Amino acid sequence: MHHCVTNTRHVVTIERKGGDRTMDDHGRGPGPRPEGGGHTDAYSRPSDPLPYEGVWRFTAPSVDASVPQARHAVRDLLARQGVPASDDLVQGLLLIVSELVTNVVRHAALLSPTLAVEVAVGAEWVRVSVEDNHPYRPTALEADHAQTGGRGLLLVTEITKEAGGACDVEHTATGGKVIWAALPLKPVP
C-alpha cells in the first residue's frame with residue numbers, strides 16, 4: 001500500500017488506501033470524527049462519495065528533506081483531487097504538515113527512521129496526520145507560550161482552532177503515536 005522512494009531525488013508518491021479508517025463517516029458529520037453511520041440529520045448526504053473523497057498515505061525517511069516533500073505531496077494531492085478548499089485552508093494544512101513532519105525529524109528520528117503522512121478528505125473535513133514509532137506523547141499541544149520547545153505544535157493548535165477544526169495525539173497499536181489535525185472544508189466562493 002505504501003510507496004516510498006529513497007533515492008537521491010527523494011520522490012514521494014501518495015498512494016490511495018483501499019479502506020477509510022481515519023474518517024469513519026467520510027467526514028460527512030458535524031465534526032472530524034462523526035459518530036455513527038446510519039442516522040439521518042441535517043448533515044446527512046447520499047452514500048456515494050464525492051469525487052474528491054478518499055484516504056491517501058505515504059511513508060518517507062525521517063530526514064529534513066522529507067519536510068518540503070511532504071508539503072508538496074499534500075499540496076499536489078489536494079489540487080489533483082479537486083478538493084474544494086480555500087487558499088487559506090490549503091496554506092494552513094501545508095503549515096500543519098510541515099510542522100508535524102519537522103517534529104518527527106527533530107525529536108523522533110532516532111527511534112523512528114521513517115514516518116507516515118496520511119491525508120483523509122471527507123465531504124466536510126480534511127484531516128492530515130503524521131505517524132511515527134516514537135512512544136513519547138508531546139504535551140505541547142496544550143503547552144503554554146513561555147516554554148522554549150513545542151512552538152511548532154502550538155502553531156498547529158492555533159491554526160486548527162482558528163479554522164474551527166480539531167487536533168489530537170493518539171497512540172498506535174505498535175507503540176508509536178499519530179498526531180492529527182482536521183479542518184472543516186468550506187466551499188470556495
Side-chain angles (χ1 to χ4, degrees), residues 1-18 21-23 52 54-83 85-121 126-141 143 147-160 162-163 165 167-183:
M1 284 281 177
H2 313 288
H3 181 73
C4 174
V5 179
T6 55
N7 62 14
T8 53
R9 302 224 5 121
H10 288 292
V11 177
V12 174
T13 304
I14 298 184
E15 295 288 333
R16 187 171 198 146
K17 294 180 62 184
R21 68 174 173 76
T22 305
M23 300 179 78
Y52 57 81
V55 180
W56 294 264
R57 182 178 175 93
F58 69 90
T59 56
S62 299
V63 296
D64 287 333
S66 293
V67 177
Q69 289 160 11
R71 189 172 58 243
H72 295 150
V74 171
R75 180 197 63 205
D76 293 348
L77 169 70
L78 295 174
R80 188 171 67 245
Q81 291 304 121
V83 177
S86 67
D87 288 344
D88 285 349
L89 180 67
V90 171
Q91 290 309 312
L93 283 168
L94 297 182
L95 194 49
I96 288 169
V97 168
S98 294
E99 292 298 338
L100 294 181
V101 173
T102 297
N103 202 47
V104 174
V105 171
R106 287 193 181 152
H107 304 294
L110 192 61
L111 292 179
S112 186
T114 61
L115 57 91
V117 177
E118 188 170 284
V119 181
V121 184
V126 177
R127 177 170 151 155
V128 293
S129 57
V130 176
E131 182 179 330
D132 64 64
N133 293 321
H134 198 293
Y136 171 67
R137 180 186 166 105
T139 56
L141 287 175
Q147 286 192 304
T148 54
R151 291 181 194 274
L153 290 179
L154 277 174
L155 189 58
V156 168
T157 304
E158 287 171 9
I159 293 169
T160 304
E162 192 171 302
C167 58
D168 202 0
V169 186
E170 296 172 2
H171 290 290
T172 62
T174 55
K177 67 180 171 300
V178 58
I179 303 178
W180 61 267
L183 304 184

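Note that the coordinates shown come from a computational prediction; the quantities given were computed from them, not determined experimentally.
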Partner set under side-chain hydrogen bond (donor to acceptor under 3.5 Å, both in side chains) for Ser98, not counting sequence neighbours =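 Ser98 satisfies side-chain hydrogen bond (donor to acceptor under 3.5 Å, both in side chains) with Arg71 only.
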Between [atom1] of [X] and [atom2] of [Y], what distance do you get to the nearest 0.5 Å?
| X | Y | atom1 | atom2 | value |
| --- | --- | --- | --- | --- |
| His134 | Leu110 | NE2 | CG | 7.5 Å |
| Ile159 | Glu162 | CD1 | CD | 8.0 Å |
| Trp180 | Glu170 | CH2 | CD | 6.5 Å |

Determine whether [X] and [Y] make a side-chain contact, defined as any pair of heavy atoms from C-beta on separated by less than 4.5 Å.
| X | Y | value |
| --- | --- | --- |
| Trp56 | Val74 | no |
| Val169 | Val178 | no |
| Leu111 | Pro135 | yes |

Paired with Lys177, the side-chain hydrogen bond (donor to acceptor under 3.5 Å, both in side chains) test is passed by just one of Thr172, Asn133, Asp132, namely Asp132
In terms of heavy-atom contacts, Phe58 and Ala73 come closest through CE2-CB, 4.1 Å
Can you name the closest pair of heavy atoms from Val101 and Ala70 and give their distance?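 Residues Val101 and Ala70, closest heavy atoms: CG2-CB, 3.9 Å.
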Under the side chain to side chain contact (heavy atoms under 4.5 Å, CB included) rule, collect the residues that match up with [X], sequence neighbours excluded.
| X | value |
| --- | --- |
| Arg106 | Thr102 |
| Pro113 | none |
| Thr160 | Ile96, Val156, Cys167, Ala181, Leu183 |
| His171 | Arg137 |

Under 3.5 Å, is there a donor-acceptor pair between the side chain of [X] and the main chain of [Y]?
| X | Y | result |
| --- | --- | --- |
| Ser62 | Val104 | no |
| His72 | Pro68 | yes |
| Gln81 | Leu77 | no |

Under the criterion side-chain contact (heavy atoms from CB on, under 4.5 Å), I'd like the reasoning laid out for Glu99 against Asn103: C-alpha separation, chi angles, the key distance, then a yes or no. CA-CA 6 Å; Glu99 292 298 338; Asn103 202 47; over 6 Å; no
* **side-chain contact (heavy atoms from CB on, under 4.5 Å) evaluation trace for Val117 with Leu115** => CA-CA 7 Å; Val117 177; Leu115 57 91; 3.7 Å; yes
